Amino acid sequence: MAQTLYDKLWESHVVHREADGTALIYIDRHLVHEVTSPQAFEGLKLAGRKPWRPSSIVSTPDHNTPTDHWDEGIKDPVSRLQVETLDANVREVGALAYFPFKDPRMGILHVVGPENGATLPGMTVVCGDSHTSTHGAFACMAHGIGTSEVEHVMATQCLVQKKSKSMLVLVNGDLGPGVTGKDVALAVIGKIGTAGGTGYAIEFAGNAIRSLSMEGRMTLCNMAIEAGARMGFVAVDDKTIDYLRGRPFSPSGEAWDKAVAYWRTLHSDTAAEFDKVLTLNAADIRPQVTWGTSPEMVVAVDGRVPDPAQEADPVKREGMERALQYMGLQANTPITEISIDKVFIGSCTNSRIEDLREAAAVIKGKKVAANVKLALAVPGSGLVKRQAEEEGLDQVFLAAGFEWREPGCSMCLAMNADRLEPGERCASTSNRNFEGRQGPGGRTHLVSPAMAAAAAIAGHFADVRQRA
Amino acid sequence: MDKFERLDGLVAPLDRNNVDTDAIIPKQFLKSIKRSGFGPNAFDEWRYLDVGEPSQDCSQRPRNPDFVLNQARYSGAQVLLTRANFGCGSSREHAPWALLDYGFKVILAESYADIFFNNCFKNGILPIVLPAAEIEALFQQVLATPGYQLVVDLAAQTVTRPDGKILSFEVDAFRKECLLNGWDDIGLTLRHAEKIKAFEEKRRLEQPWLFAQ
Ligand code: SF4
């Protein structure tokens with residue numbers, strides 16, 4: 001029978017099946033960071049249980065670590081304790097790889113996994129972090145879990161799961177210049193809403209998706225969770241295989257050939273059926289900017305802030321009014337007239353080398369506008385940082401007036417010192433524009449790296465297509 | 001985990017769609033390495049007028065009189081009534097920990113975000129899905145009736161309104177059993193340890209690259 005990619009991934013991981021369809025699913029890769037793991041390690045110890053397969057663990061601190069003054073260590077004592085707790089726990093339990101604070105390979109887990117070849121096609125990848133869906137770009141079944149499940153995976157190497165429904169998001173045609181994986185992600189969320197993917201695993205396909213680099217696909221799968229989906233993934237093709245060749249934990253020699261032969265089977269069969277299909281025309285997707293406090297509150301850069309008065313549903317209308325009030329925006333304002341205070345280029349959505357290249361191409365030889373108080377460029381990992389520096393991108397950012405930081409989550413969630421002050425408005429390449437996400441009272445607009453760069457130069461949102 | 005069987009509890013209405021986990025428990029409180037003590041910081045940014053910091057005495061902080069949970073009539077609520085896509089955003093289990101520590105044992109909503117929904121069951125909170133029309137009717141009744149209580153019976157899968165109307169709800173059979181018995185699901189999974197080992201060995205032979213050391 002014709003199978004979807006999801007069917008293949010699911011079936012190859014079922015250890016045990018209950019009569020009601022609940023299954024025990026084997027976990028190949030467990031990514032562990034400092035925020036969601038301490039209670040799990042503690043639980044394991046209290047119950048006197050041994051970790052099942054520590055060599056499935058790849059770990060690094062990322063959420064709490066500072067992005068500057070590394071010589072001074074972690075100043076916040078509460079954050080420091082959390083990072084030290086991770087150090088101690090991983091040292092005790094063991095791992096395939098651990099990149100502690102300041103290690104040259106430290107970084108955001110969802111950047112670190114793929115770039116080290118620790119994320120391989122056909123794997124189940126889990127992490128106590130919702131953006132684990134990122135790894136779906138490699139045809140993995142990858143999703144976030146809570147701390148109880150972190151403990152469950154450590155103790156049993158399995159999770160109790162029910163299969164989701166399948167959705168195919170087909171993006172046909174060619175993406176226009178200046179339109180990126182981020183814009184595709186936001187356009188999909190704008191179309192189906194933040195709950196539109198609830199209960200589904202989404203496969204992204206179509207030639208516009210094929211045309212995306214692995215970085216672009218990671219950005220897209222990263223944001224599948226913002227559409228409410230359990231996970232998002234893309235089938236294996238030559239780009240997947242080329243990306244993985246020669247990475248530290250990728251197989252080599254004979255094992256490589258055997259692996260590649262298997263990976264090539266990781267796509268949906270032609271006749272496979274999905275529970276739901278959504279089709280988008282790539283040519284219709286323009287650079288996107290969010291205007292509200294949920295990723296579904298998004299319009300194209302040449303659009304305007306919507307008017308709640310036009311919304312028929314009273315609960316939605318009230319939500320829009322509340323969002324506009326929080327964001328300090330008037331209905332019908334053209335997006336390009338919204339001026340900004342800060343710019344953040346980083347996060348597991350958009351901090352890979354290609355993202356930095358795209359942003360640098362826009363700002364090269366220009367200066368950050370006078371009204372922009374702070375523009376941050378935060379590479380996703382130590383390896384990305386080094387590569388960018390080898391290409392001279394750091395100099396482009398610095399010459400324009402950006403700050404060039406050490407890797408980490410940074411102002412994506414503002415657990416460290418990088419944050420917005422109340423009322424400040426930010427063009428951000430991260431993934432969430434919730435109230436207070438980048439600091440209490442902060443106002444976040446989600447955009448692609450090129451659009452963030454264009455906004456930094458203009459001092460307000462600007463259509464990157466007109467600046468190229 | 002505590003058992004959940006039946007509850008007769010006061011209902012508090014949180015009339016919003018898309019309440020995210022950053023709103024339920026803001027990130028600064030995630031620095032804790034403990035599981036408990038998050039209740040005073042549940043909905044911190046909505047509940048208080050100042051900016052909350054970890055390890056602070058919340059009893060002295062200025063409260064936002066406009067936030068619904070600060071109204072005296074909802075004090076001691078154990079059932080949270082809300083709208084669609086509750087618990088969206090991050091995977092933080094600190095969100096159900098905070099709700100539980102605050103006192104909520106049941107949530108009623110049109111829909112939930114996936115990871116949050118899972119996390120509730122792991123902590124003895126029952127998240128119930130009801131159709132939009134029933135949620136709307138409950139909102140009207142709660143707002144009109146001080147001291148509005150609901151009886152939630154997990155075994156029977158029913159919510160009983162004060163006017164006697166019975167609303168039934170669906171719940172996954174396995175999760176229901178776990179909640180009713182307060183089972184530890186790691187223990188349940190480990191009953192299959194031999195099967196897991198056999199699966200792992202086969203996988204190691206077929207795809208040895210997954211087992212790099
Ligand atoms: S970069 Fe942001 S979204 Fe990604 S893992 Fe870090 S905090 Fe989470």
Side-chain angles (χ1 to χ4, degrees), chain A residues 15-16 18 20 22 24 26 28 35-36 38-39 42 47 49 52-53 55 64 76 78-79 81-82 85 96 120 122-123 128-130 144-149 151-152 155-158 160 162 194-195 198-199 228 230 249 251 255 259 262 294 315-316 319 413-415 432 434-437 440, chain B residues 15-18 20-23 26-28 30-35 45 51-52 54-55 83-85 88-94 96-97 111-116 118-119 122-123 172-174 184-190 192-193 195-196 198-200 203 206-213:
Chain A
V15 173
H16 172 81
E18 298 285 349
D20 70 345
T22 310
L24 214 54
Y26 187 80
D28 297 306
V35 178
T36 54
Q39 298 86 352
E42 189 192 53
R49 291 184 172 124
W52 186 282
R53 186 163 71 85
S55 66
N64 267 304
D76 174 356
V78 196
S79 295
L81 175 64
Q82 211 171 43
T85 305
L96 173 67
L120 296 171
M123 276 183 166
D129 187 282
S130 54
I145 54 178
T147 298
S148 296
E149 287 180 317
E151 185 181 338
H152 194 280
T156 70
Q157 212 56 42
C158 289
V160 179
K162 263 209 161 157
T194 47
T198 304
R230 167 152 271 256
F249 295 111
Y262 170 63
S294 158
V315 179
K316 271 202 184 140
L413 93 165
M415 266 187 88
R432 287 192 177 132
F434 300 158
E435 288 183 21
R437 170 77 176 180
Chain B
D15 195 359
R16 296 191 185 212
N17 280 325
N18 300 319
D20 60 79
T21 52
D22 283 72
K27 71 223 116 217
Q28 61 269 38
L30 272 51
K31 295 180 182 183
S32 166
I33 56 172
K34 301 208 163 64
R35 245 173 218 272
E45 282 177 26
V51 173
S55 359
R83 298 275 181 180
N85 200 29
C88 60
S90 109
S91 65
R92 61 189 69 163
E93 202 158 313
H94 312 67
W97 294 338
S111 59
Y112 299 86
D114 183 48
I115 303 175
F116 174 83
N118 257 326
N119 284 342
K122 311 271 176 204
N123 291 283
D172 186 85
F174 177 73
D184 152 24
D185 40 331
I186 294 180
L188 290 181
T189 297
L190 286 174
H192 301 293
K195 252 184 145 168
I196 302 171
F199 180 95
E200 193 166 57
R203 197 160 178 75
E206 287 171 0
Q207 297 187 48
W209 57 86
L210 296 178
F211 293 81
Q213 297 285 336

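In the text below, chain A, chain B and the rest are named by the order of the sequence lines, each starting its count at 1. The model shown is predicted, which means the values in this text are computed figures rather than measured ones.
Contact count versus chain A (heavy atoms, under 4.5 Å) is highest, among B/Lys195, B/Lys31, B/Gln207, for B/Lys31. With respect to chain A, the highest number of heavy-atom pairs below 4.5 Å among B/Arg35, B/Gln28, B/Glu200 belongs to B/Glu200. Most heavy-atom pairs under 4.5 Å with chain A: of the set B/Val51, B/Asp172, B/Asn17, this distinction falls to B/Asp172. Interface remark: of the candidates A/Ile145, A/Thr198, A/Thr36, A/Ile145 forms the most heavy-atom pairs closer than 4.5 Å to chain B. Per-residue heavy-atom pair counts under 4.5 Å with chain A were compared for B/Ala212, B/Pro208, B/Ser55, B/Gly89, and the maximum is reached by B/Gly89. Comparing B/Asn85, B/Asn18, B/Leu188 by heavy-atom pairs within less than 4.5 Å of chain A, the highest count is held by B/Asn85. When A/Glu149, A/Glu42, A/Met123 are compared by the number of non-hydrogen pairs under 4.5 Å with chain B, A/Glu149 comes out ahead. Options A/Gly122, A/Ser294, A/Ala195, A/Gly228 differ in how many heavy-atom pairs under 4.5 Å they form with chain B, and the most are formed by A/Ala195.
Look at B/Arg203 and A/Asp28 and you find a salt bridge, because one of the NZ, NE, NH1 or NH2 atoms lies within 4.0 Å of a carboxylate O, short of that distance. Salt-bridge check for B/Asp20 with A/Arg437: failed, with every basic side-chain N at 4.0 Å or more from each acidic carboxylate O.
With a 4.5 Å cut-off on non-hydrogen atoms, B/Asn118 touches chain A through its side chain but not through its backbone. Of the atoms belonging to B/Tyr112, it is backbone heavy atoms, and not side-chain ones, that fall under 4.5 Å from chain A. Within the 4.5 angstrom heavy-atom criterion, only side-chain atoms of A/Leu120, from C-beta onward, approach chain B. Proximity to chain A (any heavy atom under 4.5 Å) is shown, for B/Ala84, by neither the backbone nor the side chain. At a 4.5 Å heavy-atom cutoff, the contact between A/Gln82 and chain B is made by backbone and side-chain atoms alike. Interface remark: B/Lys34 contributes backbone atoms only to the contact with chain A (heavy atom separation under 4.5 Å). Contacts of A/Glu18 with chain B are made by side-chain atoms alone, with heavy-atom separations under 4.5 Å and no backbone atom involved. Residue contact with chain A, scored on non-hydrogen atoms closer than 4.5 Å, involves the side chain of B/Ile115 exclusively. Heavy-atom distances place the side chain of A/Thr22, and not its backbone, under 4.5 Å from chain B. Both the backbone and the side chain of A/Val35 come within contact range of chain B, each with at least one heavy atom under 4.5 Å from a heavy atom of that chain. With a 4.5 angstrom heavy-atom cutoff, A/Thr85 touches chain B only via side-chain atoms.
Looking at heavy atoms from C-beta onward, B/His192 lies out of side-chain contact with A/Cys158 at the 4.5 angstrom threshold. A/His16 places none of its side-chain heavy atoms less than 4.5 Å from the side chain of B/Phe199. At a threshold of 4.5 Å between non-hydrogen side-chain atoms, the residues B/Cys88 and A/Thr194 do not count as touching. Two residues are said to be in side-chain contact when any heavy atoms from C-beta on lie closer than 4.5 Å; B/Ile196 and A/Trp52 meet this criterion.
Across every non-hydrogen atom of B/Trp209 and A/Pro251, the tightest pair is CB-CB, 3.5 Å. Smallest separation of non-hydrogen atoms from A/Arg230 and B/Asp114: NE-OD2, 2.6 Å. When all heavy atoms are compared, the tightest approach of A/Ala414 to B/Lys27 is O-CD, 3.8 Å. Across A/Ser130 and B/Ser90, no two heavy atoms sit closer than the pair OG-CA, 3.6 Å. Minimum heavy-atom separation, A/His152 to B/Asp185: NE2-O, 3.4 Å.
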side-chain hydrogen bond (donor to acceptor under 3.5 Å, both in side chains), that's the test. Do B/Trp97 and A/Gln39 meet it? Break it down for me. CA-CA 12 Å; B/Trp97 294 338; A/Gln39 298 86 352; over 6 Å; no
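Within the model, atoms CZ of B/Arg92 and OG1 of A/Thr147 stand 11.0 Å from one another, a figure rounded to the nearest 0.5 Å.
The side-chain contact (heavy atoms from CB on, under 4.5 Å) with A/Ser148 is formed by just one residue from the set B/Asn123, B/Asn119, B/Ile186; it is B/Asn123.
Checked against salt bridge (Lys or Arg N to Asp or Glu O under 4.0 Å), B/Arg83 has the following partners two or more places apart in sequence or in another chain: B/Asp15, B/Glu136.
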